[in-house]
Each structure stands twice: as C-alpha cells, then as structure tokens.
Amino acid sequence: MKKAKMKIIPFIIILAGVCLYFYQTQQVADTAMKYTGNVEGKEINLTTEVAGEITGVQVVEGENISKGDLLFSVDVSDYDIQLQQLKLQQEIATLNYDLLLDGASQEDIDLATSNMNSVSKQLSGAERSYEYAQDNYDDLKVLYASGAVSKTELNQSKLA
C-alpha cells in the first residue's frame with residue numbers, strides 16, 4: 001500500500017500545479033483584456049489634376065488628413081512654360097491686329113501687287129497650256145475616228 005501512495009503523490013502534485021496555473025491565468029484575464037487580430041486600413045488611390053513629377057510629400061503614413069489638405073507637391077514647370085508661350089502668342093496676335101488696324105504700308109502693297117501679277121502670269125500660262133492640250137485632243141479624236149491614230153495615243157492626249 002505504501003507503493004500505491006507513492007504513485008498518487010506525483011499525480012496530486014501535477015494536479016495542484018495545473019490548478020494553480022489555471023487560477024493565475026484567470027486572475028490575469030480578469031484584470032486585463034487582451035485581444036488578438038488584424039487591423040486593416042482602406043487603400044485609396046490618388047490622382048492629380050495635372051501630370052508631373054512628385055517633388056515632395058507633406059504627410060506621414062497613418063496621419064489623419066482632411067479635405068483640402070496638401071498631401072504632396074507636383075512639378076508643374078512644363079505648364080509654366082506653356083503658359084508663357086501662350087502669353088507670347090497672345091502678344092504677337094495683338095501686335096498683328098494693331099498693324100492691320102494701322103493699315104498696310106507701301107511696301108506691303110507693292111509686295112502684294114507683285115505676288116498678284118506673278119500669280120496672274122502663272123494662271124495665264126496654265127490656261128494656254130490647257131487650251132493647247134484640249135485642241136490636240138480634239139484633233140486626235142478626229143484622227144482616231146478615221147483610223148489614223150491608235151487608241152493609246154488618244155488616251156495619252158486625253159490624260160494630258
């Protein structure tokens with residue numbers, strides 16, 4: 001019987017240790033709540049009103065922001081250049097308009113007259129060339145009808 005008591009004593013010690021462990025964990029659980037889990041944030045894609053390289057970021061990840069807050073800076077130097085070009089174009093157009101209101105100079109009139117005369121001569125030459133080609137075609141039509149020229153010659157004259 002002594003041997004049976006010896007076998008029960010380690011069992012009682014182990015049982016007492018397990019009870020003590022559960023008692024202590026229950027005490028900790030009662031005083032402090034512990035939770036486990038995952039926190040997920042919302043991912044938001046941002047776009048800018050203009051294209052450009054981001055030159056600076058003004059917020060830190062996790063920081064609260066409001067509507068209208070500046071989040072980052074974008075390099076807009078290309079747009080500044082375009083704006084300057086448009087302003088220069090507007091100034092040139094204004095100067096041209098003022099010149100038109102002032103009237104044409106004698107040099108402008110002489111240049112326009114010279115250009116008009118040149119175009120008139122070119123038109124007159126083109127009209128003569130057309131009349132010659134038309135007369136030649138009419139003649140070849142008569143010759144083709146009598147069998148004196150080939151169809152190819154008539155077509156070449158018509159093409160000319």
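Leu154 is listed as a side-chain neighbour of Tyr137, based on a closest heavy-atom distance under 4.5 Å.
The side chain to side chain donor-acceptor pair (under 3.5 Å) test applied to Gln106 returns Asp110, not counting sequence neighbours.
The environment of CD in Glu63 is crowded: more than 12 heavy-atom neighbours from other residues, nucleotides or ligands sit within 6.0 Å. Open room surrounds OH on Tyr132; 12 or fewer heavy atoms of other groups in view lie less than 6.0 Å from it.
Residues Ile92 and Leu95 fall into different hydrophobic clusters, defined by Ile, Leu, Val, Met, Phe, Trp and Tyr side chains chained together at heavy-atom separations under 4.5 Å. Residues Ile65 and Val74 fall within the same hydrophobic cluster, defined by Ile, Leu, Val, Met, Phe, Trp and Tyr side chains chained together at heavy-atom separations under 4.5 Å. In the hydrophobic clustering of this structure, Tyr79 does not group with Leu83; members are Ile, Leu, Val, Met, Phe, Trp, Tyr whose side-chain heavy atoms approach within less than 4.5 Å, directly or through other members.
Put simply, CG on Asn115 and OG on Ser120 are 10.5 Å apart, with the number rounded to the nearest 0.5 Å. Distance CD/Glu53 to CG/Asp75: 6.5 Å, rounded to 0.5 Å. Atom CG of Asn64 and atom OG of Ser66 lie 7.5 Å apart (nearest 0.5 Å). With rounding to the nearest 0.5 angstrom, the CG atom of Leu86 is 13.0 Å from the CD atom of Glu91. In this structure, CG on Asn136 lies 11.0 Å from CD on Gln156, to the nearest 0.5 angstrom.
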Would you sort out whether Gln85 and Ile81 count as a side-chain contact (heavy atoms from CB on, under 4.5 Å), showing the intermediate values?
CA-CA 6 Å; Gln85 288 175 339; Ile81 292 170; 4.1 Å; yes
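Here the side chain of Asp69 pairs no donor or acceptor atom with the backbone of Leu71 at under 3.5 angstrom. In this structure, Ser129 contributes its side chain and Gly125 its backbone to a donor-acceptor pair below 3.5 Å. Put simply, the side chain of Ser157 never gets that close to the backbone of Glu153: no donor and acceptor are under 3.5 Å apart.
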Listing, residues 138-146 side-chain donor-acceptor contacts under 3.5 Å, not counting sequence neighbours, or none:
residue: Asp138; atom: OD1; partner: Gln134; partner atom: NE2; Å: 3.3
residue: Ser146; atom: OG; partner: Leu143; partner atom: O; Å: 2.9

